[in-house]
Protein chains: 2
Amino acid sequence: MDRRQRKTREAIFAAFIDLLSEKNFAQITVGEIIERADIGRATFYSHFETKDFLLKELCEELFCHIFDEMTEEKNNHNHIFTCDAPDSVFLHLLEHLKRNDNNVLKLLSSRNNELFLQYFKQNLRKLVESRLAMFESERSAKLPESFWVNHIVSTFAETVRWWIDNDMSESPETIAEYFFLAVLFETIIL
Amino acid sequence: MDRRQRKTREAIFAAFIDLLSEKNFAQITVGEIIERADIGRATFYSHFETKDFLLKELCEELFCHIFDEMTEEKNNHNHIFTCDAPDSVFLHLLEHLKRNDNNVLKLLSSRNNELFLQYFKQNLRKLVESRLAMFESERSAKLPESFWVNHIVSTFAETVRWWIDNDMSESPETIAEYFFLAVLFETIIL
DNA sequence: AATATAACCGAACAGGTTGTTCAGTATATA
DNA sequence: TATATACTGAACAACCTGTTCGGTTATATT
């Protein structure tokens with residue numbers, strides 16, 4: 001890829017992320033982005049069809065990156081994912097996010113637009129669906145798969161969001177423990 | 001309140017809901033609203049500061065209505081909420097939503113804007129917080145309250161959303177059962 | 001180094017949206 | 001009937017969007 005293209009693209013992303021830390025997606029205008037990225041208006045539109053596509057591509061670059069790395073690790077250390085209990089997948093994800101803490105995860109915060117969480121869930125869903133084959137016979141008769149997947153994905157995602165909202169100050173292990181306890185208490189009160 | 005005001009307000013709400021069933025909140029313009037409501041532009045702005053305030057007031061009218069009714073019922077049939085297990089609160093909420101199915105709950109669907117879900121959660125949180133005093137001693141030492149409340153609210157809200165996405169075809173009892181099973185399986189896989 | 005290619009600039013543009021203003025008209029209330 | 005209040009309709013500036021185009025600059029190729 002042309003160095004100019006790459007630099008422009010990065011400048012746009014940087015300006016966009018910068019603005020996202022200050023205001024909502026809806027409140028950000030293309031004018032602000034190109035001013036901060038210091039590029040021409042036409043240039044922006046030659047890179048991204050609209051503001052929405054910019055967001056979409058940013059999320060893809062962000063989350064696909066994270067989840068792809070996880071898939072890679074799975075292939076390298078197969079035992080972690082296939083033999084251990086599924087909660088280690090969650091713990092693994094948390095550690096991954098902690099490692100990749102590039103000030104961009106803040107976008108998942110509840111203070112920001114819901115769109116990030118949606119994209120995040122989208123990717124998480126893929127991961128979960130591919131790993132929930134076990135216990136299928138027990139589950140399938142009583143519980144629709146889509147409900148089950150939605151439940152898992154939502155609880156995971158909301159936990160991650162809570163963590164980020166609290167500045168990721170707890171360790172991944174602590175969060176995993178919180179999650180376990182919350183589910184446990186849930187069974188008690190039901 | 002002046003009959004004119006009331007009628008205008010209702011016309012705006014009706015047009016707005018109508019449009020929301022067709023497109024996203026972001027895509028709806030004030031121009032479309034006033035055309036469909038058949039009122040003047042200035043009139044709209046004398047009622048609502050912006051489009052966002054319109055959404056806010058609609059949600060308040062909608063959800064406060066639902067949750068206030070629940071609080072009333074609680075006062076009338078005190079036993080349901082204070083003696084029974086907390087899951088009956090959830091079941092109660094589901095039955096309530098089913099009864100109040102005025103084609104407006106569709107707004108909670110994932111196809112629509114996330115803002116509704118946010119407002120819904122906001123109200124749900126109040127309800128949950130006021131009912132989660134039990135088991136406090138066991139919980140508080142190990143699990144932060146905000147995590148616990150967030151977990152409960154999110155799982156409830158996402159369950160309701162799944163239900164609505166599936167056209168509310170299952171009975172409230174079935175959904176409550178799904179919820180119970182999902183949490184149960186969750187403890188198994190952890 | 002010379003040339004062709006592709007990206008960028010920047011200024012301008014039409015079309016659409018927002019939120020405000022104001023003089024005039026209709027409706028409620030006393 | 002008289003007064004207050006809500007609505008009308010049209011116009012308005014300010015802003016945002018997405019496109020166009022001739023000219024400029026960087027990159028890749030030879």
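- Out of dC8(C), dA6(D), dT8(D), the shortest distance to the side chain of T8(A) is found at dC8(C).
- For an aromatic pair to be called close, the ring centres must be under 6.0 Å apart, and Y119(B) with F63(B) fails this.
- Residue E35(A) contributes atom CD, which lies 11 Å from atom P of dC16(D) at whole-angstrom precision.
- In this structure, F13(B) has its ring center under 6.0 Å from that of F48(B).
- A side-chain N or O of R125(B) and one of N150(B) form a donor-acceptor pair less than 3.5 Å apart.
- Rounded to whole Å, atom P of dA26(C) lies 16 Å from atom CG of D2(B).
- Separating the CD1 atom of I34(B) from the C1' atom of dA10(D) is a distance of 12 Å, rounded to the nearest angstrom.
- In this entry the distance linking CG of L54(A) with P of dG18(D) reads 12 Å, nearest Å.
- The CZ-P distance, from F44(B) to dT8(D), rounds to 13 Å in whole Å.
- Remark: P of dT17(D) and CZ of F48(A) are 15 Å apart, rounded to the nearest angstrom.
- Between E32(A) and A42(A), the residue anchored closer to the 5' end of DNA chain D is E32(A), taking for each the nucleotide with the nearest heavy atom.
- The shortest distance between the side-chain N/O atoms of H47(A) and the OP1/OP2 oxygens of dA7(C) is not below 4.0 Å.
- Put simply, CD on Q5(B) is 8 Å from C1' on dT5(D), counting in whole angstrom units.
- For the residue pair E158(A)/H151(B), the side-chain donor-acceptor check at 3.5 Å is not satisfied.
- Comparing R4(B) and K7(A) against DNA chain C, the residue whose closest nucleotide sits nearer the 5' end is K7(A).
- A cation-pi contact links K51(B) to F25(B), judged by a cut-off of 6.0 Å to the six-membered ring centre and 45° from its axis.
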Sort me out a list of protein N/O and nucleotides 13-18 of chain C N/O pairs below 3.5 Å, or just none if empty.
| residue | atom | partner | partner atom | Å |
| --- | --- | --- | --- | --- |
| dT18(C) | OP2 | V30(B) | N | 3.2 |

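- A donor-acceptor contact shorter than 3.5 Å is absent between the side chain of D38(B) and the backbone of I34(B).
- Counting only N and O atoms by type, the side chains of T43(A) and S46(A) include no donor and acceptor under 3.5 Å apart.
- Following rounding to the nearest Å, R3(B) (CZ) and dC7(D) (P) show an atom-to-atom distance of 13 Å.
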